[in-house]
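Note on naming: letters A, B, ... go to the chains in the order of the sequence lines (proteins, then strands), and numbering restarts at 1 for each one. Keep in mind the model is a prediction, meaning the values are calculated, not measured.
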Number of protein chains: 2
Amino acid sequence: MLERITNQKQIILNYLEKNKSHPSAEEVFLNVKKILPRISLATVYRNLEQFAQTGKILEINGATKRFDGDISDHQHFICNSCGTVYDIFCKFPSAKNFKNHNHKIGKIENYQILFYGTCKKCKK
Amino acid sequence: MLERITNQKQIILNYLEKNKSHPSAEEVFLNVKKILPRISLATVYRNLEQFAQTGKILEINGATKRFDGDISDHQHFICNSCGTVYDIFCKFPSAKNFKNHNHKIGKIENYQILFYGTCKKCKK
DNA sequence: TATCTAATTAGGAATAATTACTAATAATAA
DNA sequence: TTATTATTAGTAATTATTCCTAATTAGATA
């Protein structure tokens, strides 16, 4: 399916490119509404998803919370296709420097690395 | 407030420690229910949050989706207190090795590092 | 061991976040 | 222009999470 350029898309994308506040979908909606008063929230959600999938924007956080009883030092791989979360036990040397680092923004108390891709099960 | 040990807490924690599937709250609820048929979903949510805050378990993903129109190479710092998302432009040398790495689980197409802490505004 | 008290619980209502549906609209190809 | 079909507005439905309240119970104390 060919992708069409609409006014709504252009204004949403333009808002995100100019705005550095990492807005939620609701916040994008409220702000874009100032320019396009009749835009629908569903349109915002649909386009944000499309933009994220085509690499035009980044998606931070999101999805359902998941929990892990294993608190040892490891990271996670999330399959874009089936959503399964896998453990990654590889060590990342520079990662240790992250913890307790005093960044100008604040002290880093914790961090997690989320890897995305398609798992081998889904590749088949 | 002193923290009390309840049957519900023990069984939830025990389930998470034995289970490597990174379950959602709903999944924890359904499985713990097999042992405690009368447990409430709210109890599961409440305890999962408490466990995560006291470092007994890890919380993966979650929270409202946020979007960033800046797709340049950078990471994010999320304030545990006010939820604000900040950009972190520091370079992490080993990070470059992540992308396109063929892990046994699948090919890493993308990754993001989420840093958590309290931002300086909230520290005051 | 009985009693007290505050943390915790079950159950359900309420809210927040996201997705699905449908008829109308509009972008682009012919 | 016209035809085709992606996209949209508006809203309903669904999913995820939090809030509320009376009843229960863990653990401290008598």
Taking atom P of dA23(D) as reference, at what distance in whole Å does atom CD1 of Ile39(B) sit?
21 Å
If the plane angle is over 60° it's perpendicular, under 30° parallel, otherwise tilted; pick one for Tyr111(B) and Phe115(A).
tilted
Below 4.0 angstrom from OP1 or OP2 of dT19(C), is there any side-chain N or O of Tyr45(A)?
no
Sorted by position of nearest nucleotide on DNA chain C, 5' first, the leading residue of Asn7(B) and Lys65(B) is Asn7(B)
Both Gly62(B) and Ala42(A) contact DNA chain D. Which one's nearest nucleotide lies toward the 5' end?
Ala42(A)
Value in whole Å for how far the C1' atom of dG11(C) lies from CG of Leu41(B)
11 Å
For dA27(C), take OP1 and OP2 only and decide whether either is under 4.0 Å from a side-chain N or O of Thr6(A).
no
Between atom CD in Glu3(A) and atom P in dA29(C), what is the gap in whole Å?
13 Å
Please give, in whole Å, the distance from dG11(C) C1' to Leu36(B) CG?
15 Å
Select base, sugar-phosphate, or nothing to describe what Ala25(A) touches, counting heavy atoms under 4.0 Å on all strands.
nothing
In the hydrophobic clustering (ILVMFWY, side-chain contacts below 4.5 Å, transitive), which residues join Phe89(B), or is it alone?
none
Shortest non-hydrogen contact from Val28(A) to Val44(A)?
CG1-CG1, 3.8 Å
Between P on dT17(D) and CG on Leu48(B), what's the gap in Å once rounded to a whole number?
10 Å
Check this for me, if you would: do Glu3(B) and Lys56(B) make a salt bridge, where the nitrogen-to-carboxylate-oxygen distance has to be below 4.0 angstrom?
yes
Reckon Gln8(B) has a side-chain N or O less than 4.0 Å from the OP1 or OP2 of dA10(C)?
yes
Nearest whole Å is fine: how far is dT18(D) C1' from Gln50(B) CD?
16 Å
At under 4.0 Å, does any side-chain N or O of Asn47(B) touch on OP1 or OP2 of dT9(C)?
yes
Report the nucleotide, chosen from dA7(C), dG11(C), dA16(D), that has the shortest atom-to-atom distance to any side-chain atom of Ser40(B).
dG11(C)
Are side-chain heavy atoms of Asp87(A) and Asp68(A) found at a separation under 4.5 Å?
yes
What's the CZ-C1' distance between Arg4(B) and dA26(D), to the nearest Å?
5 Å
Can you find a side chain N or O atom of Ser24(B) that sits less than 4.0 Å from OP1 or OP2 on dA16(D)?
no
When rounded to whole Å, the CZ to C1' distance for the pair Phe29(B) and dA10(C) reads 10 Å
Side-chain N or O of Arg46(B) versus OP1/OP2 of dT9(C): is the shortest distance under 4.0 Å?
yes
Under 4.0 angstrom between Lys9(A) side-chain N/O and dT7(D) OP1 or OP2:
yes
